[in-house]
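From a predicted model like this one, the values you see are computed outputs, not experimental measurements.
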Amino acid sequence: GQGWVFTTGLLRESLLAAVGASAALQLACARALGADLRRADRVAQHRLAGGDAQGAFVLALAAARQDAASSRIGALGARLRLIEGCLAQGAQPTLAERAALLTARGVFVRFGEGRTEAGMALFEEATPLAEAAGDYALQAELLRRRGGVRFTLGHADGETCLFESLALAEAHGLIDHQIEALRDLSTLVRHRGAKADAEQIIRRAIALAEAHDRPEQLPRARVALGMILMDTGRAAEARTILEGCLKDYADGSSRLHRATFHNSLAAAMHELGEYEGAQEHYWRAYTLFDEVGSELSALPRYNVADIYVKEGRFEEARALMDEAVAVLKERPSALMSAYVLSMLMFLDAKQDRLELFTPHLQALGEALEATGLADRVIRIKLGEA
């Protein structure tokens, strides 16, 4: 139960050589390691080398689904490459497995490559397969992911998919999917200006997670609550919640989730006037979002620019917004574009660049109208401009 330590490399090399030459020994290694998803890559590789492409595929796909659920994009990419090897050696997916594989690929394309519309296309391709297979959990996940993408891209019907996801999850007792749909729905409602409704929805998600012993669901739900508390003038309360999330959960979370924790905590510190500490967390978020190729990297750039504005460093703020515009050209997001455009309009007005103000105003108006956005931060910056 303590594992093995080789005191000489020769023994290790000879064992590896023996295993490599024998399919039976490869499969024996796979059996010895078991079906623990934390060892999925090693076990699947042993199965593949032992001629069991189907067994390797099933295990690698289960691990990929777990990676997708927790947004571990780097690990997901490696698992998808392993799955391709399994398919090349004859693995035959069932209908449900084909739907799950398309979903995992969609998550990687959406978050790992920043190709939002291409990810959406894969989610849409997977949907009828999940329905035909009768996989309600996957159907609920696909509805939720499609709703989130539609909102990100500026489609006004994003919450329709989220409500459908929630209804399906409730009908079939899928607690995790209920929590996730409520969390995403709360975020969307918050950006549309209904703060009280958003708080009621996210507190329902937190209550579900606590009642059904889902501690892994709590950090992201509490981050969403923290942002609502800030929007309603309770920044100190938000900071306490967000510091707890970062301390208790961030080290075990994906880079995408850690970036969200840092950005949210920075926003609370920003609201409380603690600009130096806020900037430190914003830069951490900025780096992590960039590492995973997320359009959300525009958000900490916006927030640091806002600190620069308060210090009168307008050209440095504009340079950050130019970076954000470049990000959004590669990874479109109506929500992030609205943040950036509102800041650019403010800078246009402050710097008397009124020839730029009108086109920025027109573009922002289109984004707000298309998505129904009523985000507090955007409205404040628009009013200041």
Shared-cluster residues of [X], by chain and number - hydrophobic side chains joined below 4.5 Å:
{"X": "M227", "value": "M230"}
{"X": "L129", "value": "L95, L102, V109, L122"}
{"X": "V327", "value": "none"}
{"X": "L168", "value": "Y136, L143, L174"}

With sequence neighbours left out, write down each residue that passes ring pair (Phe, Tyr, Trp, His ring centres under 6.0 Å) with [X], or none if nothing qualifies.
{"X": "H46", "answer": "none"}
{"X": "Y339", "answer": "Y302"}
{"X": "Y286", "answer": "W283"}

Who pairs with E276 by salt bridge (charged side-chain N to carboxylate O under 4.0 Å, His left out), at least two apart in sequence or on another chain?
none
With sequence neighbours excluded, what pairs up with R146 under the salt bridge (charged side-chain N to carboxylate O under 4.0 Å, His left out) test?
none
Within the structure provided, determine whether T103 and L138 are in side-chain contact (heavy-atom separation under 4.5 Å).
yes
Would the Y282 and H262 ring centres measure less than 6.0 Å apart?
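Here the rings of H262 and Y282 have centres that are no less than 6.0 Å from each other.
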Side chains of residues 181-189: which donor-acceptor partners sit under 3.5 Å, not counting sequence neighbours?
unit_1 : atom_1 : unit_2 : atom_2 : d
D184   : OD2    : R144   : NH1    : 3.2
S186   : OG     : A198   : O      : 2.8
T187   : OG1    : R183   : O      : 3.2

side-chain contact (heavy atoms from CB on, under 4.5 Å) for Q139 and E131? Distances and angles first, verdict last.
CA-CA 7 Å; Q139 289 177 56; E131 291 171 353; 3.6 Å; yes
Do the side chains of R72 and D67 get close enough for a salt bridge, i.e. N-O under 4.0 angstrom?
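Salt bridge: no.
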All pairs passing side-chain hydrogen bond (donor to acceptor under 3.5 Å, both in side chains) where residues 105-119 contributes a residue, at least two apart:
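Those involving residues 105-119 are E84-R105, R110-E295, E113-R115.
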Within 45° of the axis and under 6.0 Å from the centre of the six-membered ring of F314, does NZ or CZ of K350 qualify?
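No, K350 does not lie over the aromatic ring of F314.
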To the nearest 0.5 angstrom, please state how far the OG atom of S337 sits from the CG atom of L328.
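If we round to the nearest 0.5 Å, S337:OG and L328:CG are 4.5 Å apart.
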I'd like a table of donor-acceptor pairs (distance under 3.5 Å, sequence neighbours excluded) in which one partner is a side-chain atom from residues 200-209, with atom names and distances.
unit_1 : atom_1 : unit_2 : atom_2 : d
R203   : NE     : E199   : OE2    : 3.0
R203   : NH2    : E199   : OE2    : 3.1
R204   : NH2    : E170   : OE2    : 2.3

